[in-house]
Amino acid sequence: MERFYVTTPIYYINAEPHLGHTYTMVVADTLARFYRAKGVETFVVTGTDEHGDKIAAIAAAHGENPKLYADRMSPLFQQAWQECGFLVDQFVRTTDPRHEQLVQEFLQRVYDNGDIYFSRYAGLYCTGCERFLTEKELVGGNCPDHKRPPEPIEEENYFFRMTRYLPAVQQYFEAHPDAIYPEHYRNEVLAMLASGGIGDLCISRPKTRLDWGIELPFDRRYVCYVWFDALISYVSGLKMRGDDTFHAFWPTAHHVMAKDILKPHAIFWPSMLLALRLPLFRRLLIHGYWVRGEAKMSKSLGNVIRPLDMKQQFGIDTLRYFLLREMAFGQDASFNEDAFAARANADLANGLGNLASRVLSMQQRYFDGQVQPLDPPTAADDDLQGAFAQALVEVPEWTEQLAFHRALEALWRALDHANKYVVDTAPFTLARERQQLPRVGGILHRLLECLYTTATLLAWFLPETSQKIFSLLGVTAPVRLPTSLGWGEHFPIGHRVQPPITLFPRIDLQKEATPRA
RNA sequence: GGCGGCGUAGCUCAGUUGGUUAGAGCGAGGGUCUCAUAAUCCCUAGGUCACUGGUUCGACUCCAGUCGCCGCCA
């Protein structure tokens with residue numbers, strides 16, 4: 001059986017879920033639903049990253065111990081994703097004993113293989129970044145990201161002999177051109193590897209400075225550095241379901257993430273896997289940032305859009321549609337209310353929503369909701385069917401290539417065609433003459449088929465809407481993504497469809513803006 | 001500083017291996033129908049394709065340089 005394993009990063013619990021997290025989730029969810037529709041067995045892992053200096057500091061600032069803070073924050077993510085309806089097979093918390101045990105087991109294994117050594121290190125440490133900075137990285141003596149001076153620290157630590165594995169990592173990426181997508185990021189990784197500037201990785205923190213982390217099994221005076229801990233969640237998430245699950249899914253691993261954490265995933269992680277004698281992941285899928293004005297959408301800079309607020313105000317599918325339609329996967333995109341409302345109104349309310357509404361309304365008005373036989377097709381009928389046949393081919397193709405915006409664009413070309421078909425064939429005019437009713441019935445039957453195919457192709461993009469349309473049509477969704485339209489086979493003659501509902505209310509920003517008090 | 005990318009209509013972008021009047025969507029303006037969520041559908045945008053040189057019969061599309069923006073690395 002074919003399988004597909006997709007992960008998101010485990011999210012750092014220093015802030016609430018924001019738009020960037022939500023986009024990553026939407027992508028992972030869309031991919032999982034797509035492969036599922038194709039009959040592929042899927043597994044999704046996400047979670048929360050709960051260790052590290054920063055968490056300890058935030059918890060202390062709240063007067064809490066870190067574990068309690070984590071126990072309070074982690075569910076915010078879990079619940080948000082659940083309310084958004086994202087498929088999640090395993091939610092990993094790095095404070096879960098099963099995860100901690102695996103991290104220790106892996107550390108021990110790497111240590112036993114001689115890939116971990118002890119050494120003194122002096123440097124400038126930024127608690128915001130949770131890493132040492134070089135002098136050259138500083139801007140005016142400050143960390144460029146956190147705008148404050150790092151602390152000079154000298155200490156003894158454990159190091160992972162990453163340099164030993166870098167040549168093999170490089171070979172792997174050269175031999176597997178699609179392992180990092182988009183290609184732009186693959187080139188960056190290859191450049192990084194070729195530069196020779198990558199050293200071994202410090203994987204410990206002395207407890208004297210920080211004790212909120214997983215203890216090193218071979219030296220209890222130290223805890224594990226966050227990346228070594230966090231990356232292993234991709235394995236522990238599967239192992240929590242048993243070794244069979246791990247063996248079945250691991251070779252198909254697709255890691256979705258934003259571009260800021262490319263390096264740990266493309267350099268540290270494959271090195272760790274090689275040191276652990278585990279197969280490498282299948283692909284890294286790198287997306288860009290949602291920018292709003294000048295500042296990037298980041299947890300430390302505020303500027304947050306809360307997913308649950310968006311869902312409550314506009315519905316999860318409207319948010320999904322905007323995110324998937326507006327961002328070319330891999331590139332940055334901008335988020336603002338005007339673009340959001342424009343997109344939603346033009347494509348969802350006026351396009352898809354109105355089409356469903358007018359078709360179901362006519363079916364109700366002229367035939368009491370009962371589906372009529374197809375009549376012999378005209379040229380216009382053939383064109384319409386051709387448009388949807390093309391969508392049936394293009395939408396899955398673009399999805400497979402992660403070009404979600406193109407996939408949706410392709411589907412909307414067909415929908416636009418359907419709206420035009422209504423005007424061209426004018427069933428509402430024909431219906432005035434009794435002898436034309438068979439033709440009206442044939443036209444409406446075809447339009448119902450348009451909605452059927454649309455719902456089929458929306459299953460992984462807008463699952464809620466897809467279900468709503470099938471339910472309005474009074475039929476069940478196909479079990480498997482069909483390879484041909486099958487028009488004429490979905491509605492028995494006399495089958496009754498439902499009267500229209502408003503799938504997507506038009507968004508009026510001025511109205512939305514007022515009741516803020 | 002090194003490597004790489006980008007700069008096309010008000011906005012977001014397409015523009016394949018160089019070739020007749022440079023395209024789409026949205027927004028805006030005008031019109032139409034009336035089944036529909038005042039939605040649909042039709043018409044309308046005259047933009048030095050950043051700038052300057054070069055190659056060519058001919059370049060938005062190739063080359064060099066300039067300016068501006070950005071990414072990665074140092």
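Below, chains carry the letters A, B, ... as their sequence lines are ordered, and counting in each starts from 1. FYI, side chains are in, hydrogens and waters are out, and symmetry mates aren't considered; it's all heavy atoms of this structure.
A distance of about 16 Å separates the P atoms of B:U20 and B:C62, rounded to the whole Å. Only the P atoms considered, B:G19 is 43 Å distant from B:C33, to the nearest whole Å. Between B:C11 and B:U55, the two P atoms lie 35 Å apart (nearest whole Å). Taking atom C1' on both nucleotides, B:A14 is separated from B:G7 by 16 Å, rounded to a whole Å. Separation of the C1' atoms belonging to B:A45 and B:A36 is 29 Å when rounded to the nearest angstrom. Separation of the C1' atoms belonging to B:U32 and B:C43 is 11 Å when rounded to the nearest angstrom. With P as the reference atom, B:G1 and B:G54 are 29 Å apart, rounded to whole Å. Straight-line distance between the C1' atoms of B:G71 and B:C26: roughly 28 Å, to the nearest whole Å.
In summary, the side chains of A:Tyr165 and A:Asp115 do present a donor paired with an acceptor at a separation below 3.5 Å, with no hydrogens or angles considered. In the model, A:His265 has a side-chain atom that pairs as donor or acceptor with a side-chain atom of A:Tyr234 under 3.5 Å. Donor-acceptor pairing under 3.5 Å is recorded for the side chains of A:Arg320 and A:Thr30.
Relative ring orientation between A:Tyr172 and A:Phe281 is described as perpendicular, the plane-to-plane angle rising above 60° on a 0-90° scale split at 30° and 60°.
When Watson-Crick and G-U wobble pairs are counted only if both distances are under 3.5 Å, B:U61 pairs with no nucleotide at all. Of all nucleotides present, none satisfies the Watson-Crick or G-U wobble test against B:C33 with each distance under 3.5 Å. Base pairing analysis places B:C72 opposite B:G2; the two distances defining the Watson-Crick or G-U wobble pair are each below 3.5 Å. Within the shown strands, B:G10 is the pairing partner of B:C26 under the Watson-Crick or G-U definition, both distances less than 3.5 Å. Pair assignment for B:U66: B:A50, on the basis of Watson-Crick or G-U wobble contacts that are both within less than 3.5 Å. Across all strands shown, B:U40 remains unpaired; no Watson-Crick or G-U wobble contact has both distances below 3.5 Å. Here B:U56 sits opposite no nucleotide as a Watson-Crick or G-U wobble pair (both hydrogen-bonding atom distances under 3.5 Å).
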Can you give one letter per nucleotide of nucleotides 29-41 of chain B, going 5' to 3': B for a protein heavy atom under 4.0 Å from the base, S for sugar-phosphate only, - for none?
----SSBBB-SBS
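To the nearest 0.5 angstrom, A:His18 atom NE2 is 14.5 Å from A:Tyr23 atom OH.
Rounded to an integer number of Å, the gap from A:Trp398 CH2 to B:A14 C1' is 11 Å. Across the protein-nucleic acid pair, A:Ile286 atom CD1 and B:C72 atom P stand 13 Å apart, rounded to whole Å. Look at CG on A:Asn336: it is 14 Å from P on B:G27, rounded to the nearest Å. Here the C1' atom of nucleotide B:C72 and the CD1 atom of A:Ile180 are 13 Å apart, to the nearest Å. If you measure from atom CG of A:Asp332 to atom P of B:C72, you get 10 Å, rounded to the nearest angstrom. One atom, CG of A:Asn345, and another, P of B:C11, lie 22 Å apart when rounded to the nearest Å. Rounded to whole angstrom, the span from the CG atom of A:Asp260 across to the P atom of B:C73 amounts to 12 Å. Following rounding to the nearest Å, A:Met192 (CE) and B:A74 (C1') show an atom-to-atom distance of 13 Å.
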Close N/O contacts between protein and nucleotides 1-8 of chain B (under 3.5 Å):
none

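The pair A:Arg496-A:Asp368 meets the salt-bridge criterion, with a side-chain N (NZ, NE, NH1 or NH2) lying under 4.0 Å from an Asp/Glu carboxylate O. A salt bridge links A:Arg413 with A:Glu394; the closest basic N to acidic carboxylate O contact falls under 4.0 Å. Salt-bridge formation is detected for the pair A:Asp381/A:Arg439: a Lys NZ or Arg NE/NH1/NH2 atom is positioned less than 4.0 Å from an Asp or Glu carboxylate oxygen.
Ring centroid separation for the pair A:His417 and A:Tyr421 does not come in under the 6.0 Å cut-off.
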Pair A:Asp347, A:Tyr321 - check side-chain hydrogen bond (donor to acceptor under 3.5 Å, both in side chains), show working.
CA-CA 9 Å; A:Asp347 296 359; A:Tyr321 182 80; 2.6 Å; yes
Show your reasoning for whether side-chain hydrogen bond (donor to acceptor under 3.5 Å, both in side chains) applies to A:Thr453 and A:Trp487.
CA-CA 9 Å; A:Thr453 301; A:Trp487 283 15; 2.9 Å; yes
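Residue whose closest nucleotide on RNA chain B sits further toward the 5' end, between A:Gly197 and A:Arg325: A:Arg325.
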